[in-house]
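First comes the structure, then the notes that go with it.
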Amino acid sequence: MANDTKNKVIHAKNLTKCFGTFTAVNGVNFSVSRGECFGLLGPNGAGKTSIASMIFGFSPLTEGKLLVLGQDIETEARKIKAQLGVVAQDDNLDPELTVRENLLVYATYFSIQPATAFQRSADILDFMDLSAKADSVVQELSGGMKRRLTIGRALINQPELLILDEPTTGLDPYARHIVWQRLRQLKEKGTTMLLTTHYLEEASQLCDRLMIINAGSILAEGTPFNLIETHVGQFALELEIEAQWYNKIEQWCSPLLKTSQKIGNTLILFSDQGQALTDKITTFFANNKIIPSYQRLRPTNLEDVFLKLTGKTLDTSDPHETVPTEHGGYQNGNY
Amino acid sequence: MATIKSLLRNMLTKPDINLKLSLNVFSRNLRVFRKTWKANLMFNFLEPMLYLWAMGFGLGVYISQINGLTYLEFLAPALIASSAMFATTYEMTYSSFARMGHEKIFHGIVVTPVSMDDIVFGEILYGTFKGVIYGLVFFLVVIFFGIVKSPLSLMLILPLTLMALIFSNLSLIWTSIAPNYDSFGYFFTLFISPMFLFSGVFFPIESLPIGLQFLPGLTPLYHTVAIIRPLVLGQVAWDLIGHLIWLTVVALITLRIPLIMVKNKLIK
Ligand SMILES: Nc1ncnc2c1ncn2[C@@H]1O[C@H](COP(=O)(O)OP(=O)(O)OP(=O)(O)O)[C@@H](O)[C@H]1O
Ligand SMILES: [Mg+2]
């Protein structure tokens, strides 16, 4: 095997996961380098957790090859897991134990000496702003505190690779920012991270590089900036106008356009030249004596990339266009 | 069918156990137990006490002798075994189900160097330990009532441990296929309660219809009671060895199954 792949913290080749006949992860290839924060961005059911659980050795691979920290997860799971920190999507703290006990007990699974474990717990509680709650029982903590404790617990073995499955889902904006801040600090200290999320802001705040996935496949991969630049450009002009004008507008603006997208009764024009585009469309409206019911120029973001690639928004994964009527059902009259 | 086949195939494979890590899982459960042991022990202890009062002192007044024993002498030693059986069984059904289910404790542990086999084995050790503790506490009660006749009775710890181990295994097997908490009702109604009633705890199995007398011999409780009662009363005989061998063999045969079945339930 090439030395290069050995040096990757994660190296996945044709990674596939099936549940029965259903394919949740469909032959994906990617790798993560040391010190990098790599994001998996995708809607509910995209396969983020399925990928993450194969990496942390919980879920067996259906097919493919997966090297974590240079070793094969299928044969060296114990050794690999000793160097991982894992924050699962669902909280799995010990509810009856105190905050500190949670850390101390977890340390025993890594065979960490009690004195060391005690010292590290104190440091972690401090880092995660939980020192005041050290002796509270977990059941009494708020959701945000539990999440912080779960992240802190994953640091007890000073992991080489931190895997975070939706670390901030369900947190309020303030709690979310605290978590982001801590994760950034860890990143600065050189911890490699794999982060799954369906918040585009989280992805753009934390990830050096990310992969957009949908229905078990990779749609695109790159730095947040690259993805935006490649797929949608810098600006988005949103217009609400009668659909009959769509094609004419697209033709009129085409020299400036990177791409465009219709969602419901909104037309979004993407371009690197925002002002020029606004001027051009103003002329078009004047020429045709029409007034759009809504018009807004804004910077693009990852959600636009996602939208462009899938025709879906990230948060709901519901297609914006009207769902086609399914066959069967009441209309057949056999109800 | 396919699952049974794969179960049989897996029976012959070696489990991936690191004993030290299993003991850490055991300690985790023990630590939680230490928080609640007073309330816990009280309740589990109360039940056999109630039986002892109701049957031993209430009903026992009307029974002059069973096999040459007063009814209290007949019943009390057997309740040591049943007390252990209930403690282990509750722990390895309801409580284990919570740990591997909504609490996701197993999921939290298995991403560390601890393997799923370590976790389940740690559970089995804990379930066994808990049964033995509850059995021994009831043994103290039996001593208190002046029923213990011989220091040899201390040897009951061996059959008690084997029996608790068997019940850990059997309960975890049920837990691994249980879809929800309600299904434990069936386990207790179909298996545990009949065992409690008909395995020689309350009356000698010779009182059962001839055709059914073989049934208790298939239960771990019967063999355990058959050892503990004479030990407590100081009536040691060679036939105890046979019962001990039965318990040992069944404990060893059933040990591998929950390791496979819990793993199959949790890891997809
Ligand atoms: N144990 C399982 N058995 C059957 N199907 C499963 C199982 N786990 C996941 N799936 C399916 O695999 C697909 C991917 O699930 P996964 O949990 O990886 O998605 P996700 O991207 O993490 O979604 P979310 O954002 O909701 O957490 C889903 O369609 C899900 O229903
Ligand atoms: Mg998920």
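Just so we're on the same page: letters track the sequence lines, and every chain starts at 1.
- In this structure, B:Ile105 CD1 and A:Leu93 CG are separated by 8.0 Å, a value rounded to the nearest 0.5 Å.
- Looking at A:Lys17, the atoms closer than 4.5 Å to chain B (heavy atoms on both sides) all sit in the side chain, from C-beta outward.
- The pair B:Arg34-A:Glu96 does not count as a salt bridge, with every side-chain nitrogen at least 4.0 angstrom from each carboxylate oxygen.
- Looking at A:Ala82, both its backbone and its side chain come within 4.5 Å of chain B, counting heavy atoms on both sides.
- Other residues, nucleotides and ligands place more than 12 heavy atoms under 6.0 Å from the CZ atom of A:Phe127.
- The environment of CD1 in B:Ile157 is sparse: at most 12 heavy-atom neighbours from other residues, nucleotides or ligands sit within 6.0 Å.
- Applying the 6.0 Å contact sphere to OH of B:Tyr186 captures no more than 12 heavy atoms from other residues, nucleotides or ligands.
- Residues A:Ser59 and B:Ile267 are not in side-chain contact: their nearest non-hydrogen atoms beyond the backbone lie 4.5 Å or more apart.
- Under a 4.0 Å N-O distance rule, the pair A:Asp94/B:Arg99 does not qualify as a salt bridge.
- Between chain A and the options B:Val114, B:Val111, B:Val25, heavy-atom pairs under 4.5 Å are most frequent for B:Val111.
- Side-chain N/O atoms of A:Arg78 and B:Ser115 include a donor and acceptor closer than 3.5 Å.
- With a 4.5 angstrom heavy-atom cutoff, A:Ser50 does not touch chain B via any of its atoms.
- At a 4.5 Å heavy-atom cutoff, the contact between B:Asp118 and chain A is made by side-chain atoms alone.
- Annotation for B:Lys104 and A:Asp90: closest pair CE-OD2, 3.3 Å, computed over non-hydrogen atoms.
- Residues A:Val105 and B:Arg31 approach most closely at CG2-CD, 3.6 Å, considering heavy atoms.
- Between chain A and the residues B:His107, B:Lys20, B:Lys35, B:His102, the largest count of heavy-atom pairs under 4.5 Å involves B:Lys35.
- Listed here is the closest heavy atom pair of B:Leu21 and A:Ser111: CD2-OG, 3.9 Å.
- In terms of heavy-atom pairs under 4.5 Å with chain A, the best-connected choice from B:Asn18, B:Thr112, B:Asn24 is B:Thr112.
- Ranked by heavy-atom pairs under 4.5 Å with chain B, the first of A:Phe110, A:Phe19, A:Phe56 is A:Phe110.
- Listed for the B:Lys268 side chain is no donor-acceptor partner under 3.5 Å among the backbone atoms of A:Gly20.
- A:Lys187 NZ: more than 12 foreign heavy atoms inside a 6.0 Å radius.
- Heavy atoms only, all atoms of each residue included: A:Tyr109 and B:Pro113 are closest at O-CD, 3.6 Å.
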